[in-house]
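Below is one structure; the comments refer to it alone.
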Amino acid sequence: MMADIESTETTETRGTLLVVDGHSLAFRAFFALPVENFSTASGQATNAVWGFASMLSQVIESEKPDRLAVAFDVKGGTFRNTLLPQYKGTRDAAPEELLTQLPLIQRMLAALGVTYIEKPGYEGDDVIGTLATMGDHAGYHTLVLSGDRDAFQLIDDRVTVLYPGHHFKDLKHMTPQAVVAKYKVTPAQYPDLAALRGETADNIPGVPGVGDGFAAKWINLYGSLDGIREHADEIGGKKGEALRANIDQVMLNRKVNALVRDLDLGVTVDDLTFGDPDVDELDALFKQLEFGPRTKNRVLKVFVSGRSVHGTDGKRTGTGAAGSAGAKAEDESGLTIPEATHAAGAEDIALWERENLPAAEDGANDDADANNVPNLIIHAEGDDRPGRVSLEAVTLLAADRNTALVLDALFGTDMAAALEGLLDRHRSILAVHGYKEHLHLLAAYGVDVPQPAFDTKLAGYLIRPDFHADGLEQAASQFLDLHLDEEQPKATQGLLDFDAEPDDSADSGDGESDERRKQDATLLRHAAIVAALTRELGPKLEACEQTKLLSAIELPVSRVLFGMENEGAKLDMRRLDDLRDMFAAEANQAQEIAWDNAGSRVNLQSPKQLAKVLFEDMGLKPTKRTKSGSYTTNADALQTLYVRNADNDRASGFLGALLRHRETNKLRQIVATLIDAVNPADGRIHTTFEQTVAATGRLSSVDPNLQNIPNRNAAGREIRSAFVPGEGYESLMSCDYSQVELRIMAHLSGDEALIEAFRSGADFHRYVASLVYQLPVDEISADQRSHVKAMSYGLAYGLSTYGLSQQLKISPGEAEGLKAKYFATFGKVHDFLESCVSEARERGYTETMFGRRRYFPALNSVNRVARDAAERAALNAPIQGTAADIMKIAMIHADEALRSAGLNSRIILQIHDELVVEIAPGEAEQATRLVREAMEGAVSLDVPLDVSTGIGPDWQLAAH
DNA sequence: ATGCGTACGTA
DNA sequence: CGTACGTACGCATG
């Protein structure tokens, strides 16, 4: 321990004591880490435990304390509650999911050999105060790890508080100087300041309108709280008034926030050793919590004193690597950074291939012997947005030899050809993070990437479909638990200034190559991450039986999507402009009328201002509230108000105009977004289809979203007329599945009546209504048909009878009756939906027909709202997911059929159950047949898959 | 500038 | 008080 060198005290420093506020740390961890990403299959939340372990390890590693103790609050009140009944009232409402983790944290501490201390009747803070005092007397420097600012009063030359900043991971060393800098008062004065300001987190009111600033000003003016009280009359203004009105509360606060520093804890500081963990117990606990080996090793490494748990033996040394001996470079997160060379020409690529990859057998199957472990990583970086692609650099990595080859952007055609050849020869061992993105990046140089053996982005999605890995680094931290600093090394933080690189602008003129070296370093690091992810996710994917889905569906569909994004959809610019002007004129007109009626120029796009006009100025009776408590002004509510206030000219005039404005302004906005998205180079919109976003397996479309172009009413539908065939094409074809989700429900449930309804080929909803109401088909009224239709569709969403009644504007009783009749007719559908949920509760996940999984830890939540929501999602997931699988298969088949028939017609859009195909001259008939067959034949169910198709000069007219 | 809430478009 | 998405705006934060 180096600390004693600094000591100028007469007493020798014995070392460092670390005292941890257990509750505060658990609390911080719980709210900093998303519980969705940290829970076991059985639904136990583990985010606080993981965060606690992670943070504690980090602090021990950086501070290297000699003694350690963790203080916890004890259930039940403390002396503070008798003083101030509402004290920490908000904290008792700590979420169940956090409370269940506290015992686990204590069990972990016990296994790690760490002392934790609770003192009935007192808080963890008092224990901490006492320990800090004890540490001081025993000659230790004390570090207090706490997110509770009450601890600041303990700070002095020998006590430092480590306070989590905004990021939970970065800790501020709160020294006396730091406190003064931040609050303008000394640590000893801090409780006075806190008493004045109050503490929302602890449910302690301060002086209204007084924050840190005024509190500090007064303290410095009058020295202390007592001084302030004496001079309270001299303080003018509203704040002075507020102070006088609340002075009793403040004095009480001050009593409550003083920490006790002389408890009898029954231990001495010298007893608080650590570093002798019970590995078996820790193993058992981490297994139960489903923490990976990396987490365990990282924690153990820190807690096992003296011994290093590093070299997990059995690491194979590379076989005679050509000229690359020496220690492997490891970066701070433990990744091994590959040795790299730059390729200057095609020969370098060939040479690297010979030296680093297994010899490809001549002819067909390349590295088939290489026991199928993906070992060749290709990793390209650049802008991969379709329509504006630019490649920066690409690296090849032979993972087992840790050797990389970097190709800088702007390589020539000979290198492109060499690269393509290499990829093709070794495609069976090729892995990539984001096949679709790589197709875009490399296509810019004329390089086609063959279907790789593995894709870490898609694999991560299949393993955890509801985890949103935004980038490679996030995927890495999720699956590898390497903890990496955020994506870019953005401007060095103030704290690190002292080790910033010297400025090299003046000397050497080497700035550019230095820059390039840095770029290389990130590129190589990213390639190394992909390699690590490949090793980690391959077996995981296998373990949850998703491998087939990757190779047979996701990877091939990536290729189809690449084509769709690359081609884009042609827009008729003049039509768009006309539409925008038309909608804009209508919106403006409606706005004028609304303003006339309102008597003021309210912003019609501000729900807040609207609520004021409607419910205050006009005095209308509100309908429903939003979830945050304000009165809703959504279309439903406006409609209700409109009907209800038909006799009020001003109100109904305003509401009518507002409703028109809402609709037409929305359309104007949509058109404007489309205009903005048209690529001027080709007059087409190149959306991006996200393949790893929707938890059910669906695609989504962004930048812009082309899956929500209006279709439900005539005015909106006009926008579709701006989607037209491009040059060299003659028409658009739209093909969609009719009632896929219902058909899937019929198939999966095996309900004979529902299956027969589909096989009969009759008007489905009318047929179903006739069964439900036990009437002949031709006696079904329009109302009956629409009610049954809503019921049918609602089923797959877990629609409640309340929701059904609301939607159909019938009484809950009638809705209940309809539901009962429906289930009496289709009993197996009911059983099937229930079994979806119960099976998911048991196994922890749902499965589509093709084995795609989605996990539902919340099914066992004690929170009813969360649990109910999970149940609805769990009943929907197999249905929506199967439909998504079927469409993906159809897309792969349709694309393949069009290509192998040599047609130029191509799929350009997918809207969940619809494909839009751009038809080349003379290909209409053949393309229709091929796409229809692909869609109808994607899978064989107990009911037919019905596809309807239409062709026209634009998307609107292609409807059928 | 960034994040949240509200609203609304699609299947 | 129906599933799955993406986007735009206002407004309150920094």
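Atoms considered below: every heavy atom in the structure, side chains included; atoms not considered: hydrogens, waters and symmetry mates. Here is the naming used below: chain letters follow the sequence lines, and residue numbers restart at 1 for every chain.
Residue A:Gln880 is in base contact, counting any heavy-atom pair closer than 4.0 Å across all strands shown. The residue A:Gly794 sits close to a base: some heavy atom pair falls under 4.0 Å. A:Ile709 comes within 4.0 angstrom of the backbone, heavy atoms only, and of no base. Nucleic acid contact for A:Gln807: base, since at least one base atom lies under 4.0 Å from a heavy atom of the residue. Among the atoms of the strands shown, only primed sugar atoms or phosphate atoms (P, OP1, OP2) are found under 4.0 Å from some heavy atom of A:Ser701. Residue A:Arg854 is in sugar-phosphate contact alone, with no base atom involved, counting any heavy-atom pair closer than 4.0 Å across all strands shown. Within 4.0 Å (heavy atoms only), A:Ala877 reaches no atom of the nucleic acid at all. In this structure, A:Ala695 reaches the sugar-phosphate backbone alone: every heavy-atom distance under 4.0 Å involves primed, P, OP1 or OP2 atoms, never a base.
Comparing C:dA4, C:dC1, C:dC9 by their nearest atom to the side chain of A:Ala694 picks out C:dA4. Of the candidates C:dA4, C:dT7, B:dA11, B:dA11 carries the atom nearest the A:Ile911 side chain, counting heavy atoms from C-beta on. Among the nucleotides C:dG6, B:dA11, C:dC11, the one closest to any side-chain atom of A:Ser606 is C:dC11. Distances from the side chain of A:Val702 to the nucleotides C:dC11, C:dT7, C:dG2 place C:dT7 closest.
Between A:Lys612 and A:Asp617, at least one side-chain nitrogen of the basic residue sits less than 4.0 Å from a carboxylate oxygen of the acidic one, meeting the salt-bridge criterion. Ion pairing between A:Glu565 and A:Lys436 holds under the 4.0 Å rule for side-chain N and carboxylate O.
Close to B:dC8, at under 4.0 Å from its OP1 or OP2, lies a side-chain N or O of A:Arg662. One finds no side-chain N or O of A:Thr696 lying less than 4.0 angstrom from the OP1 or OP2 phosphate oxygen of C:dT3. OP1 or OP2 of B:dA7 lies within a sub-4.0 Å distance of a side-chain N or O belonging to A:Thr633. Side-chain nitrogen and oxygen atoms of A:Lys666 include none within less than 4.0 Å of the OP1 or OP2 phosphate oxygen of C:dC9. One finds a side-chain N or O of A:Ser700 lying less than 4.0 angstrom from the OP1 or OP2 phosphate oxygen of C:dG6. Neither OP1 nor OP2 of C:dG2 sits under 4.0 Å from any side-chain N or O of A:Gln806. Between B:dG9 and A:Gln707, no contact under 4.0 Å exists linking OP1 or OP2 to a side-chain N or O. In this model, the phosphate group of C:dG10 is approached by a side-chain N or O of A:Asn603 to a distance below 4.0 Å at OP1 or OP2. The side chain of A:Thr673 contributes an N or O atom lying less than 4.0 Å from OP1 or OP2 of C:dA8. Residue A:Arg698 places none of its side-chain N or O atoms closer than 4.0 Å to OP1 or OP2 of B:dA11. Contact between the side-chain N/O atoms of A:Thr632 and the OP1/OP2 oxygens of B:dA7 is found at a separation under 4.0 Å.
The two residues A:Ala569 and A:Phe723 make their nearest non-hydrogen contact at CB-CD2, 4.1 Å.
Counting only N and O atoms by type, the side chains of A:Thr687 and A:Ser701 include a donor and acceptor under 3.5 Å apart. In the model, A:Ser738 has a side-chain atom that pairs as donor or acceptor with a side-chain atom of A:Asp946 under 3.5 Å. Looking only at atom types and distance, the side chain of A:Gln880 has no donor-acceptor partner in the side chain of A:Glu741 under 3.5 Å away.
Judged by Watson-Crick or G-U wobble contacts below 3.5 Å, the nucleotide C:dC1 has no partner.
On a pure distance criterion of 3.5 Å, a polar donor-acceptor pair joins the side chain of A:Arg712 and the base of B:dA11.
Rounded to whole angstrom, the span from the CD atom of A:Glu663 across to the P atom of C:dA8 amounts to 19 Å. Atom CZ of A:Arg743 and atom P of B:dA11 are 17 Å apart (whole Å). Atom pair A:Lys627:NZ and C:dG2:C1' shows a separation of 15 Å (rounding to whole Å applied). Following rounding to the nearest Å, A:Asp676 (CG) and C:dG6 (P) show an atom-to-atom distance of 19 Å. When the P atom of B:dT10 is taken as reference, atom OH of A:Tyr737 falls 22 Å away, rounded to whole Å. To the nearest angstrom, C1' of B:dC8 lies 14 Å from NE2 of A:His661. What separates CG of A:Asn708 from C1' of B:dA7 is a distance of 13 Å, to the nearest Å. Between A:Gln639 atom CD and B:dA7 atom P there is a gap of 15 Å when expressed in whole angstrom units.
The closest side-chain heavy-atom distance from A:Leu742 to A:Phe758 is below 4.5 Å.
Checking A:Asp703, A:Asn679, A:Ile908 one by one against A:His686, the side chain to side chain contact (heavy atoms under 4.5 Å, CB included) holds for a single residue, A:Asn679.
For DNA chain B, no neighbouring residue in residues 865-874 of chain A is found when judged by any heavy atom under 4.0 Å.
Ring geometry, A:Tyr793 versus A:His765: the interplanar angle falls from 30° to 60°, so the pair is classed tilted.
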Exercise. For the pair A:Met733 and A:Val916, evaluate side chain to side chain contact (heavy atoms under 4.5 Å, CB included) and give the outcome as yes or no after the intermediate values.
Key: CA-CA 6 Å; A:Met733 170 170 70; A:Val916 178; over 6 Å; no
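Across the P atoms, B:dC4 and C:dG2 are found 25 Å apart, a figure rounded to whole Å.
The nearest heavy atom of DNA chain C to A:Pro465 and to A:Gln669 marks one nucleotide each, and the one closer to the 5' end goes with A:Pro465.
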